[in-house]
Number of protein chains: 2
Amino acid sequence: MAPKNNALRLATATANCDCCFMESHCWPGIEAHSGEVLVKREPTLMAENVLWREGAQFNGLYFVRSGAIKVYEIDLSGEERILQFAFAGDLLGLEALAAGRHENSAVALIETMLCKLPWPPPADDRALLERLLKRASVQLRQRARATRLADPDASVRSFLHEIATHIGREERVGENVWIRQRLPMSRLEIGQYLGYAEETVCRSMRRLQSNGELEVSGRTLLLRQPPVGSAATAVRSAGRTETLSA
Amino acid sequence: MAPKNNALRLATATANCDCCFMESHCWPGIEAHSGEVLVKREPTLMAENVLWREGAQFNGLYFVRSGAIKVYEIDLSGEERILQFAFAGDLLGLEALAAGRHENSAVALIETMLCKLPWPPPADDRALLERLLKRASVQLRQRARATRLADPDASVRSFLHEIATHIGREERVGENVWIRQRLPMSRLEIGQYLGYAEETVCRSMRRLQSNGELEVSGRTLLLRQPPVGSAATAVRSAGRTETLSA
DNA sequence: CGGGTAGTTGAACCAGTTCAAATCTGGTGG
DNA sequence: CCACCAGATTTGAACTGGTTCAACTACCCG
């Protein structure tokens with residue numbers, strides 16, 4: 001459980017988002033190739049590698065280029081509570097900006113590539129601040145939804161849909177649309193995020209499976225994308241949100 | 001339960017935070033009387049008055065000068081979930097900034113005075129953006145803590161302490177320090193915020209009372225401020241945060 | 001003082017947790 | 001390529017803390 005601190009710290013390079021295929025993911029709405037934003041490529045993290053540790057000084061925000069990061073804290077009773085899962089295009093670390101120090105830890109769940117936006121920002125860029133403020137606003141809105149819903153089935157359904165629509169691939173089988181996704185986190189971690197026990201998540205997924213809402217095999221997930229207007233849609237829209245994080 | 005929409009909409013006046021006794025509360029860290037920030041005084045809201053309603057267009061952030069506001073949403077099962085309580089000095093509405101539309105509602109719990117910072121801001125002020133970004137960062141950090149803790153006693157204790165240290169008055173009785181505060185919200189609302197039933201909050205407060213941690217009589221609260229280093233402190237620090245909102 | 005809402009208490013119920021054990025999976029080394 | 005291992009997942013069963021329902025009481029406002 002204790003992650004080995006073998007975070008790779010290889011050479012980093014300054015890069016311009018301009019030339020990055022992820023530009024539109026990291027900066028939704030930005031005019032393509034505006035050449036505005038300077039970030040640093042970070043060395044690739046392998047699963048379990050630490051991005052930052054509780055107590056570390058805050059010195060920049062991260063964008064996920066690919067992979068998955070979990071942000072978590074250890075509460076007084078020693079339990080791990082997961083605060084955020086971040087995937088490609090997501091912004092990480094905003095909550096540490098004000099204090100200048102991280103109050104939680106972040107580790108890679110799978111091989112992950114990141115860019116870093118150093119802080120304070122090198123250039124005095126008002127547009128950048130505005131974009132970050134909007135990102136913060138989005139994260140605040142989403143955090144409000146992350147509370148556990150009425151029952152575990154609703155929570156898990158909502159969680160899986162968020163992940164699937166965020167990073168999954170669509171697949172057509174006959175007239176139905178399914179989303180295929182390999183989950184980067186364990187059942188236990190889903191539980192730690194949603195506020196349920198591992199076993200409850202497990203049983204919940206089984207129920208969803210027997211409802212025909214999804215197929216699971218290990219961490220591979222095939223999620224039914226309910227046709228708009230179906231009865232299932234009304235239920236599912238409980239979890240309507242843009243992404244799992246921002 | 002349905003609040004009457006008799007929000008008072010009287011004449012508002014542009015004001016400068018400069019001349020306001022709340023300046024240092026609304027803008028912690030700002031150089032006093034810098035004359036930078038322009039806001040509008042909003043008409044006083046009475047208890048139950050609506051500040052904004054779900055679906056309303058976002059057109060500015062609010063600062064609470066005095067009183068108390070609750071921000072809540074109605075989930076699919078018709079239950080009210082409270083997302084934020086805001087008191088004097090707190091900033092409201094950040095989560096609607098990105099979308100340009102409120103996805104939740106806000107009403108006054110008691111008589112409340114507010115200032116509004118129109119959006120987009122009239123002046124192109126980089127320092128303002130930076131401050132707001134920091135405020136957003138603080139709110140993100142705090143939102144992470146608002147999840148329900150291991151047991152209701154810990155949650156309620158933490159909640160009451162946050163409120164008390166934020167808006168309560170200190171009182172010395174012998175060598176002990178107590179904080180006196182009249183709660184602006186009902187037991188039910190505390191439950192809707194913490195994720196417990198009204199009765200559970202009630203019993204929890206009773207347990208804290210028999211522990212000698214507090215005195216309650218209706219909504220009047222007298223909370224023991226544990227001396228630093230006492231056993232109680234270790235427990236209490238579970239809820240260590242700056243304010244209940246930002 | 002009287003009515004109505006908010007708060008409190010008790011008891012039964014039940015969803016989710018806990019504990020324990022079986023089963024499966026993915027990855028490793030031979 | 002296959003056997004094997006450690007960790008992850010699943011299942012079952014007992015337990016328990018929080019919810020629910022139903023009175024009852026206290027407080028606040030007119």
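So that the names make sense, note that chain A is the first sequence line, chain B the second, and so on, each numbered from 1. Values reported hereafter were calculated over all heavy atoms of this structure, with side chains retained and with hydrogens, waters and symmetry mates removed.
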Just how far, in rounded Å, is C1' of C:dG7 from CG of B:L208? 16 Å
Round to a whole Å and report the spacing from CD of A:Q192 to P of C:dT17. 12 Å
Is the A:H166 ring parallel, tilted or perpendicular to the A:F87 ring (thresholds 30°, 60°)? perpendicular
For the base of C:dG10, is there a side-chain donor-acceptor partner from B:R203 under 3.5 Å away? yes
Among B:Q192, B:E80, B:Q84, find the one that has a side-chain hydrogen bond (donor to acceptor under 3.5 Å, both in side chains) with B:K70. B:E80
Side-chain N or O of A:R187 versus OP1/OP2 of D:dA8: is the shortest distance under 4.0 Å? no
Starting at atom CD1 of A:I110, determine the distance to atom P of C:dG26, rounded to an integer number of angstrom. 15 Å
One thing to verify: whether B:E54 and B:R101 come together as a salt bridge, which I'm taking to mean a side-chain N less than 4.0 angstrom from a carboxylate O. no
Please determine, for the side chain of B:C202, which listed nucleotide (C:dT9, D:dT10, C:dT18) has the closest atom? C:dT9
Counting only side-chain heavy atoms from C-beta out, which of C:dG26, C:dG16, D:dT10 sits nearest to A:E198? D:dT10
When the distance from CG of A:L149 to C1' of C:dG16 is rounded to whole Å, what number comes out? 15 Å
What bend angle does the helix from C:dC1-D:dG30 to C:dG30-D:dC1 show across its length, from five-pair end axes and to the nearest 10 degrees? 50°
Please state how far atom CZ in B:R206 lies from atom P in D:dG17, giving the value in whole angstrom units. 20 Å
Please confirm whether the shortest side-chain N or O distance from B:R219 to OP1 or OP2 of D:dC27 is below 4.0 Å. no
Output yes when a side-chain donor or acceptor of A:T200 lies under 3.5 Å from a complementary backbone atom of A:Y196, and no otherwise. no
Heavy atoms only, 4.0 Å cut-off, all strands: where does A:G195 land among base, sugar-phosphate and nothing? sugar-phosphate
Out of the candidates A:L223, A:I179, A:L160, only one should pair with A:T165 under the side chain to side chain contact (heavy atoms under 4.5 Å, CB included) rule; please name it. A:I179
Side chain B:W178, main chain B:E215, donor-acceptor under 3.5 Å: no
Applying a 4.0 Å non-hydrogen cut-off, can you work out what B:S186 is touching in the nucleic acid: base, sugar-phosphate, or nothing? sugar-phosphate
Along DNA chain C (nearest heavy atom to each residue), the more 5'-positioned of A:V201 and B:G218: B:G218
Nucleotide of C:dG16, D:dT19, C:dG26 approaching A:Y196 most closely (side-chain heavy atoms): C:dG16
Please determine, for the side chain of B:D151, which listed nucleotide (D:dT11, C:dT17, D:dG18) has the closest atom? D:dG18
Check this for me: does any side-chain nitrogen of one of A:E198 and A:R187 sit under 4.0 Å from a carboxylate oxygen of the other? no
Flag the pair B:E213 and B:R224 as a salt bridge only when some basic side-chain nitrogen lies within less than 4.0 angstrom of an acidic carboxylate oxygen. no
On the nucleotide C:dT17, are OP1 or OP2 found under 4.0 Å from the side-chain N or O atoms that A:T200 carries? yes
In whole angstroms, the gap separating P of C:dA11 from CD of B:E199 amounts to 15 Å
Between C:dA6 (P) and B:E189 (CD): distance, integer Å: 9 Å
